[in-house]
Protein chains: 2
Amino acid sequence: MRRPRRTRDDLRDQLIESALVEFAAKGFDGASTRSIAERVDAHQPQINYHFASKEALWDAAVAHLFDQLLNAVGEVAPLDGADDDIEAGLAFADALRRFVRFAADHPELNRIMVHAGTEDNDRLHRMLERHVRAWYEITTTVWTRLRDAGIAAPIAPSNVYWVIVGAASLPFVNAPEVRVLTGTEPNARAWVETHADGIVATLLPGLTTARTDR
Amino acid sequence: MRRPRRTRDDLRDQLIESALVEFAAKGFDGASTRSIAERVDAHQPQINYHFASKEALWDAAVAHLFDQLLNAVGEVAPLDGADDDIEAGLAFADALRRFVRFAADHPELNRIMVHAGTEDNDRLHRMLERHVRAWYEITTTVWTRLRDAGIAAPIAPSNVYWVIVGAASLPFVNAPEVRVLTGTEPNARAWVETHADGIVATLLPGLTTARTDR
DNA sequence: GTCTATAATTAGATAGAC
DNA sequence: GTCTATCTAATTATAGAC
């Protein structure tokens, strides 16, 4: 009945995956290290041994998520360097689509972010400076350019970041709510693509026009 | 040093207000009935006496919030009856603006909703059927009409509800994040109105055009 | 009818066994 | 170096005093 002993790294990875699910579902305070451990057949004190504290586990889990995000959406920096504005707009549209797909596949990211963003504490500051600020800055920069080019919708660069994140991720963050209210499955491929299409067409109305103009 | 004894209703109201803040900040599991009680100078067991259980207190707090929302945004039903489409569009734009202002003034609503919507449990179902479904239905109905009239942006009626709620409320739900990343105060009147302007102009592009056409 | 004292459970962290 | 046994504090609910 005994499970073969795991390697250090395997156990760490499993605890991180488990932590993501629990933190996303119940928030930092609501999640218990005991449940996180038991979900992967470990004992609660093993968390303190491998991560020193609940906070440190949270930091590790968040870092893991943002690694995956960067992998999935890719560096957006090149956007700024695209030759012409339409090019930049198309690249941004692509990044938006990839972000919507990531939000559908990994609802934990935006669940954790929306939990963390409600309270002003050290955890939030660490997450923002380590992982979020770069995304915020590149978004406002590219958006300003696309606005000037008449491609982007009339949203101020200072708040477009939250419009994008909120609109793109909420149906996946609240997937159970979507299922109850619509009777449809938001994680179905078609649902996700419809959502991405709507977001892109609405936020970048000048792109559809421009593309047919060429 | 003794506080004058409160009436039954005063204490209930104070506990509900306190519960809203705590549930919004930490989620249902993370919030403790002890903190909720202590915040208004009461003892933890008084919650069980006045509300029977933590769940019942949550239900009462949520009901109170949705009462306030209805008060602030008003019945949207009349929208459907407006004579012409532009009229309906203007009324919808007005409701959107009032919703944005409410989200700024009462971030607890969307914080609690976003927490509740992540887990499929009885609490979520009670909230959806009692308070949310009506808003979802009227939104999709009006949106379908405005889409057909060429006023609304190209977002499917089945997901526009989450686009609106997500885009309109996230900067207030995550106000601490906005403060850190932008250095601005999202609750400032100007910030809120700029946000509302952006949302309305982006979601109802046909309205600006139509208005100048007349 | 209302609140205080208290019970039963579960939280995260540590100390010491292996 | 890793995990198990255990500790202290905090959780919600109840029982009984006023």
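First the proteins, then the strands, lettered A, B, ... as listed; each starts at 1.
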Rounded distance in Å - CD (A:E22) to C1' (C:dT10): 14 Å
A:Q44 side-chain N/O to C:dG12 phosphate OP1/OP2 under 4.0 Å: no
Distance, rounded to the nearest Å, where A:R34 contributes CZ and C:dA13 contributes C1': 11 Å
Rounded distance in Å - CD (B:Q46) to P (C:dT6): 17 Å
Sugar-phosphate, base or nothing in reach of A:L11, heavy atoms under 4.0 Å: sugar-phosphate
Interatomic distance, A:D9 CG vs D:dT2 C1' [rounded to whole Å]: 14 Å
Test item: side-chain donor near acceptor, A:H64 and A:E17, under 3.5 Å: yes
A:L15 CG to D:dC3 P, straight-line distance once rounded to whole Å: 9 Å
Touch class at under 4.0 angstrom, heavy-atom based, for B:A37 against every strand present: nothing
5' precedence on DNA chain C between A:Y49 and A:S35 (nearest-nucleotide basis): A:S35
Residue-phosphate contact under 4.0 Å: A:H50 side-chain N/O, D:dC3 OP1/OP2: yes
Sugar-phosphate, base or nothing in reach of B:A52, heavy atoms under 4.0 Å: nothing
Value in whole Å for how far the P atom of C:dT4 lies from CD1 of B:I47: 13 Å
For atom CG of B:N48 and atom C1' of C:dA8, their distance in whole Å: 14 Å
Short N-O contact, B:R130 and B:D122, less than 4.0 angstrom: no
Length of the CZ-P vector between A:R12 and D:dG1, whole Å: 14 Å
Contact under 4.0 Å: B:H43 side-chain N or O vs C:dT4 OP1/OP2: yes
Presence of A:R8 side-chain N/O under 4.0 Å of D:dT2 phosphate oxygens OP1/OP2: yes
Pairwise side-chain contact, B:Y136 with A:T182, heavy-atom cut-off 4.5 Å (strictly under): yes
Among D:dT12, C:dG12, C:dA13, the nucleotide that comes nearest once only the side chain of A:T33 is considered: C:dG12
B:H125-B:D120 side chain donor-acceptor pair, cut-off 3.5 Å: yes
Among A:K54, A:R126, A:R123, salt bridge (Lys or Arg N to Asp or Glu O under 4.0 Å) partner for A:D59: A:R126
